[in-house]
Amino acid sequence: MGAADAELWTIGAFARASRLSPKALRLYDELGLLPPVRVDPVTGYRFYAAGQLERARLVAWLRRLGMPLARIREVCARDAAGAAEQVRAYWAEVEADTAQRRDLAHFLVGQLAREDSVMGTTAPLEMRYAALSDAGRVRESNQDTAYAGARLLAVADGFGAAGAPAGAAAVEVLRRLEPGSGSAGGVVSAGGVLNALEDAVEEARRAIREAAGQRGEEEAGSAGAAGTTLTAMLWTGSQLALVHIGDSRAYLLRDGGLFQITTDHTVVRALVEEGRLTEEEAASHPQRALLARALTTDEQAPAVAAEVRVQDALPGDRYLLCSDGLSAVVPTREIREVLTGVADPDTAVRELVDRANALGGPDNVSCVVADVHLSGVDATVPEADAG
Ligand code: MG
C-alpha cells in the first residue's frame, strides 16, 4: 500500500462508518452509484476516501426510504436543491401508489368477507366467453394460442423455433382437465383442481419437449431454445383455478375496477422489485420481454414453478386473459375502456385485437374474455350506446 493509501478506508471500515453493508457497497460500485476511489489491481480490494462518507450516508437514508437504486443515482447526481426536488417527487409517487394499494386491500377484504356468506348459498354460476388470436401486423406467423371453453380459458405465447407447437401442446394438456373430456374431468374441489393443474403443468413441460424434439429431427440442430408462456383458468362452478407462468396476463374487471391478477415473470420485473430499475426504465428496457420463467424445451433449464391459486368468481365478474401482444401495446386505460364498454365477449375480443393492430400490431396478439353470470340468467348487459 502506497503512502497515498494511508488516507483511504477499507471496505469494512467504510461499511461500519456509513452503516451500509460491504455487500451493498459492492453492489453500489457495480451500479456506478458509489465507486471506490481505488481498487487494488492485484487483490481487487476496494478503498474509499473519507470524503465519500456523506454520499454513502445519503444513499443509506434514501434506501431506508425505500427509494430504488436507479432513482438514488439521479438524486446523487443533483445539487442539494435538485436532490430535494427529486425526493419530494418520489414521495408524492409513493403516496399515490399507497392510495392505490389501499383500494386493492379494501377490495380483497371485501372479497374474503363475501366468500363465507356467498359461496355455497348462491345458484350455480356459468360463463360466457370468447377467444381470438391474431398474427398482428408484423410477424409472419402466429405462435400464440388462445382457447375458451365452458370450463377452461387459456392463453399461451410460444417463442423460439418450436414456439407455436409448444404453446398449443401446453393448452391441449389443460383441455384434458375439462369435465367431459375423459381423464381428470369433473374435479370440483379447489384443492383438487390446484393439484390437477400442477400435474398438468408438468405434463405440458413434457409435451412441449416432445413437440420440439419432433421438429428438431426435421430441422436438425436449428431448434434452439423454445418454449411458451401459459396463463389459464379452470372453472369449478364457483371458483376459477389460475395457473400462470411467463408474461401473458390475467385481469379481473369487478365493480368497474380493472385489476391485473397475475405477475409478469420477466427479468425486468424482478429488477424493479429489487429496486434496481424504476418503472419508467422497465417500460423502455430493451430486454423487457426477457422471461424469468417459462415452460421451455431446454432440458438443462431448472424446473421453475408455475403460480397456481384459486380465484373466487362473482356474478358480474369479467376476466381477460391476454398475451403481451395486447398488454405491451394497448394502454391499460384503453383495455379497461373496451372491457367496460363492450358487453358481448365476441365483440370485445375483436375490438381488443383491432386496437393492438391499429397501434402497429408488432406482436402476435391473443385475448380471452369471459363473463361470470348466474345460471339461467341472461348475462347480456345492455350497452349504453347500443341502438
Ligand atoms: Mg408475445
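In each ligand, atom 1 is the first atom listed, and ligand 1 is the first ligand listed. These numbers come from a predicted model, not from an experiment. The residues of the chain are indexed from 1 along the displayed sequence.
Members clustered with Val39: none, using a 4.5 Å side-chain heavy-atom cutoff among hydrophobic residues.
Taken from CZ in Phe47 to CG in Asp40, the straight-line distance is 6.0 Å, to the nearest 0.5 Å.
Residues passing the salt bridge (charged side-chain N to carboxylate O under 4.0 Å, His left out) test with Asp354 are Arg350, sequence neighbours excluded. When the salt bridge (charged side-chain N to carboxylate O under 4.0 Å, His left out) test is applied to Arg336, no partner is found at least two apart in sequence or on another chain.
Neighbouring protein atoms of the Mg ion (ligand 1) (N, O or S, distance under 2.8 Å, waters ignored): Asp157 OD2, Asp324 OD1, Asp363 OD2.
Side-chain atoms of Asp134 and Asn357 form a donor-acceptor pair, as typed in the model, at a separation below 3.5 Å.
In this structure, His265 and His244 have tilted ring planes: the angle between them lies in the 30° to 60° band.
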